[in-house]
Number of protein chains: 2
Amino acid sequence: MRIAELSRRTGVPIPTIKYYLREGLVPAGERTGPNQAQYGEAHVKRLKLARALVEIGGLSIASAREALRLMFSAGLSELDTIGKAQYAMTPAREYVEDEAWDEAVAEVDELIAKRGWQVKATNPARRTLADALATLRRLDQDDYFELLDSYAETAERLADTEIETVARRGDLDSVAEAVVVWTAVGDTVLASLRRLAQEDRSTRLLGNP
Amino acid sequence: MRIAELSRRTGVPIPTIKYYLREGLVPAGERTGPNQAQYGEAHVKRLKLARALVEIGGLSIASAREALRLMFSAGLSELDTIGKAQYAMTPAREYVEDEAWDEAVAEVDELIAKRGWQVKATNPARRTLADALATLRRLDQDDYFELLDSYAETAERLADTEIETVARRGDLDSVAEAVVVWTAVGDTVLASLRRLAQEDRSTRLLGNP
DNA sequence: GGATAGTGGAAAGTATTGCTATCCATATTA
DNA sequence: TAATATGGATAGCAATACTTTCCACTATCC
């Protein structure tokens, strides 16, 4: 198929497809002439996937490229690759390293140790979490921390279910795709459900006194 | 205090504070002369809060302003106000209304009914969730849906704990602040913890065979 | 009391991001 | 053979979140 059909099949405008090709989110088609190329089902799939990461997952173009590259290049024989792809999905930030930050970092380390989680020191989620906790400290929302355990418990249970489902997949490419989609879109699903449950709970507790 | 101290106390650069004042994220100081104004502790708090929403919560300036305005203007006597502030924190998107979308919307309605959640039809999280689910359908990640229940269960349990903690607060302003912080920063905390738990679980399952 | 630095506010400028639009030589299709 | 489409390069554009510059004025230090 050529670019018009690729666009029709995915709903992505042609100029955007060209942009994604330029940016390396989608591999080039097979050239058949000076201004002709063929795209296949793999391109359709890859394009949908890229769009999902950007639109639903909120990844930047650069992060999406990196995540996709890592998942679908190295053959995924090593666990490292999965980890690195996940790392690529956590956007880098700058951190204010004050007292609140030091305490938050210690708190994250403590939590990980307490849970017995095997997590590399380089996992960027450590810093993101520390940053969020430091912010809560600076806002004097310290009672928030009572909830941290229940959040961690929740995350653990989710991860168990998720890993189990992913592991059921047959081929490696399928696992790779699931991991990428999962990580990015799962955040949004979870956040939405939390909003809905919150509305329900606050309506029950405060709405009908 | 004047703007320099406000900047020192919060770590926010002066030009950014001026920008936030212009954009209405922070109320104006008390004027004492043609080019002088006084700021107080309330301004410090509000500025930190605004920063947290923007930096950690990832809200746009416009969303942050709307959320803050709703929480701290109307007196919060009505439950509606809390709901509206939460709604303001869910960014609007455009939706592709195809077959996958229709099915996803039905699925969301079904889930809410099944759970017995009391959620207004106008809650934007409904659409965000439907959008995410529709994306999963379009990516043929249908087995994802087996997990939806466990996600919902999780969200419900979280909301229970959260609501309970917020309700313990004394004054209304404190509740308002907690709700805003909670909603925005909680997403990040949860997402980070999920990443960490995922690394642990995949290491255990696949890493040491 | 005079130099120096800081202030609030307005307006214009800037860096980044994620697309769109235009062009063009060549291909395909009606 | 005429209209339309293609791939690719380049330039343009709108939105966002600041930064910079300017100004008349104020506060503060020597």
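Every chain is numbered from 1, with letters handed out A, B, ... down the list of sequences. Computed from heavy atoms alone, side chains included, the values below leave out hydrogens, waters and symmetry copies.
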Send over the distance from [X] [atom1] to [N] [atom2], rounded to a whole Å.
X: B:Met1; N: D:dT26; atom1: CE; atom2: P; value: 22 Å
X: B:Ile17; N: D:dT19; atom1: CD1; atom2: P; value: 12 Å
X: B:Arg31; N: D:dA24; atom1: CZ; atom2: P; value: 17 Å
X: B:Ile3; N: C:dT7; atom1: CD1; atom2: P; value: 7 Å
X: B:Glu30; N: C:dG9; atom1: CD; atom2: P; value: 13 Å
X: B:Glu94; N: D:dA15; atom1: CD; atom2: P; value: 13 Å
X: A:Glu5; N: D:dT6; atom1: CD; atom2: P; value: 10 Å
X: A:Leu21; N: D:dT10; atom1: CG; atom2: P; value: 16 Å

Worksheet item: Is it true that atom CD of B:Gln38 has more than 12 heavy atoms of other residues, nucleotides or ligands lying nearer than 6.0 Å?
Response: yes
Discussion item. Salt bridge or not between B:Arg194 and A:Glu156? Use side-chain N to carboxylate O under 4.0 Å.
Written reply: no
Worksheet item: Would you call B:Asp109-B:Arg126 a salt bridge at under 4.0 Å N-O?
Response: yes
Response to the item:
Residues at least two apart in sequence or cross-chain that pass ring pair (Phe, Tyr, Trp, His ring centres under 6.0 Å) with B:Trp117, listed by chain then number, are none
Fill in: Sequence-aligned protein contact record of nucleotides 16-30 of chain C, with B where the base is within under 4.0 Å of a protein heavy atom and S where only the sugar-phosphate is
--BBB----BBSS--
Discussion item. Could you tell me if B:Arg51 sits above the aromatic ring of B:Tyr20, with its cationic atom closer than 6.0 Å to the ring centre and no more than 45 degrees from the axis?
Written reply: no
Worksheet, complete the sentence: Across all chains, not counting sequence neighbours, the salt bridge (charged side-chain N to carboxylate O under 4.0 Å, His left out) partners of A:Glu66 are A:Arg69
